[in-house]
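What follows is a set of notes on a single structure, which appears directly below.
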Protein chains: 2
Amino acid sequence: MSDAGADKGHPAEAGDVFKALADPTRRKILDELAERDGQTLFEICSRLAMKHQLGSSRQAISQHLEVLIRADLVASRRAGRYKFHHLNTEPLERLTDRWRNREAKES
Amino acid sequence: MSDAGADKGHPAEAGDVFKALADPTRRKILDELAERDGQTLFEICSRLAMKHQLGSSRQAISQHLEVLIRADLVASRRAGRYKFHHLNTEPLERLTDRWRNREAKES
DNA sequence: ATAATAGGCAAGCAGCTACTTGCCTATCAA
DNA sequence: TTGATAGGCAAGTAGCTGCTTGCCTATTAT
């Protein structure tokens, strides 16, 4: 039991997606995963530190990943002592159509 | 010169757009402007209160509009004692392509 | 002119949020 | 086994953010 995903307990509201995207560090994490999908926490940490001079600690990145997972923008998969993170662009698909199509629906 | 818009003093970074969209009240303001463009502050206040049971004060909405203007999502135009607000969807156009196209550029 | 309307400015405050710190568990190599 | 690696949990904290409060200016109606 205990699903390895992150799309069961939450409906992943649109508000969570916007809030997740509101942080620059989280956006850089998504950039990193877009460039190389399936990285572990330590990989993301070291690559962010090198490429962006981001001195974020491991725990900081871990908490950011939690937010991204809650927003369904990142899916995690356990394999032994490693935990790989994968980018999911599906919540981004029709995110802004709401205002471009002149059709408001929900918050 | 001296355009009546909001793209001169600020480059209107992408981060400002994401932060502006992170608040549910601001998203509802955009919904309102998408449904009826060119409303004044008082119009937005009363319509939000009616349709969404949003008990936000005038100053609260005013401050939200400031954020939206800084993000270039709303343009304001003065006419006498009225100030009309217009929705600008241009910053939303390629907002999420950055991760969907696998091409990271800037924060 | 006087009052009403539409909006602006700024200080203060409560709640949230990103981050740190410290310690813990689990898996793998020697 | 022991130690190193990969990650988790939880409390504490500083700064940001959304909102209120109070007072102010500008434009319009009477």
Side-chain angles (χ1 to χ4, degrees), chain A residues 2-4 6 9 13 15-30 32-33 38-49 52-71 73-86 107, chain B residues 4 6 9 13 15-30 32-33 38-49 52-71 73-86 107:
Chain A
S2 80
D3 56 317
E13 299 180 17
D16 294 333
V17 181
F18 287 115
K19 282 210 169 186
L21 295 175
D23 186 89
T25 303
R26 283 197 288 270
R27 291 196 297 273
K28 288 195 185 103
I29 292 176
L30 293 183
E32 196 51 57
L33 289 179
Q39 294 189 60
T40 68
L41 172 58
F42 273 71
E43 280 181 280
I44 296 171
C45 283
S46 58
R47 295 192 56 162
L48 279 183
H52 301 278
Q53 272 80 17
L54 260 194
S56 303
S57 68
R58 177 180 60 88
Q59 288 83 349
I61 303 295
S62 177
Q63 285 162 9
H64 280 309
L65 283 171
E66 274 185 55
V67 176
L68 291 170
I69 288 172
R70 287 192 104 82
L73 285 166
V74 167
S76 63
R77 149 180 76 91
R78 264 269 181 195
R81 65 173 155 173
Y82 299 103
K83 190 177 180 185
F84 302 103
H85 299 86
H86 298 269
S107 72
Chain B
E13 299 181 15
D16 295 333
V17 181
F18 287 114
K19 280 209 169 186
L21 295 175
D23 186 89
T25 303
R26 282 196 288 269
R27 292 197 297 272
K28 287 194 185 105
I29 291 175
L30 293 183
E32 196 52 56
L33 289 179
Q39 294 189 58
T40 67
L41 173 58
F42 273 72
E43 281 182 280
I44 297 172
C45 281
S46 58
R47 295 193 55 162
L48 279 183
H52 301 279
Q53 272 79 18
L54 259 194
S56 303
S57 68
R58 177 180 59 88
Q59 288 83 349
I61 302 296
S62 177
Q63 285 162 9
H64 281 309
L65 283 171
E66 274 185 55
V67 177
L68 291 169
I69 288 171
R70 287 193 104 82
L73 285 166
V74 166
S76 62
R77 151 179 74 92
R78 263 269 181 196
R81 66 172 155 175
Y82 299 103
K83 190 177 181 186
F84 301 103
H85 298 86
H86 297 269
S107 74

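Just so it is clear, the values below take in all heavy atoms, side chains as well, and ignore hydrogens, waters and symmetry mates. Letters A, B, ... mirror the listed sequences (proteins, then strands); counts begin at 1.
We find that CD of A:Glu66 is positioned 14 Å from P of D:dG7, with the value rounded to whole Å. B:Tyr82 places its OH atom 5 Å from the P atom of C:dA6, with the value rounded to the nearest Å. One interatomic measurement links the two molecules: CZ of A:Arg58 to C1' of D:dA10, which rounds to 13 Å at whole-angstrom precision. Between the CG atom of B:Leu41 and the C1' atom of C:dT5 there is a distance of 12 Å, rounded to whole Å. In this structure, CG of A:Leu65 is placed 16 Å from C1' of D:dC9, rounded to the nearest angstrom. The distance between atom CD of B:Gln63 and atom P of C:dC9, rounded to the nearest whole Å, is 11 Å. Atom CZ in B:Phe42 sits roughly 11 Å away from atom C1' in C:dG8 (whole-Å rounding). Protein atom CD of A:Gln59 is 11 Å distant from nucleotide atom C1' of C:dC23, rounded to whole Å.
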CA sep, side-chain torsions, deciding dist, call: B:Val74, B:Ile29, side chain to side chain contact (heavy atoms under 4.5 Å, CB included): CA-CA 10 Å; B:Val74 166; B:Ile29 291 175; 5.6 Å; no
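Taking 4.5 Å as the limit, every side-chain heavy atom of A:Leu33 sits out of range of all side-chain heavy atoms of A:Leu73. For the pair B:Ser76/B:Ile69, a side-chain contact is recorded, criterion being any heavy-atom separation below 4.5 Å from C-beta on. At least one side-chain heavy atom of A:Leu48 sits under 4.5 Å from a side-chain heavy atom of A:Lys28.
The side chain of B:Asp23 lies closest to D:dG18, out of C:dT17, D:dG18, C:dC19.
Contact annotation: B:Ser57 reaches the phosphate of D:dT20 (side-chain N/O to OP1 or OP2, under 4.0 Å). The phosphate of D:dG18 (OP1 or OP2) has no side-chain N or O of B:Thr25 nearer than 4.0 angstrom. At the phosphate of C:dA18, neither OP1 nor OP2 sits under 4.0 Å from any side-chain N or O atom of A:Ser56. When the side-chain nitrogen and oxygen atoms of A:Lys83 are compared with OP1 and OP2 of C:dA26, none of them lie within a distance under 4.0 Å. Between A:Arg26 and C:dA18 there is a side-chain polar atom (N or O) within less than 4.0 angstrom of OP1 or OP2. For C:dC16, neither phosphate oxygen OP1 nor OP2 lies less than 4.0 angstrom from any side-chain nitrogen or oxygen of A:Lys19.
Under a 3.5 Å cut-off, the side chain of B:Gln39 and the backbone N or O of B:Glu32 do form a donor-acceptor pair.
Nearer the 5' end of DNA chain C, as judged by each residue's closest nucleotide, is the contact made by A:Ile61, out of A:Arg81 and A:Ile61.
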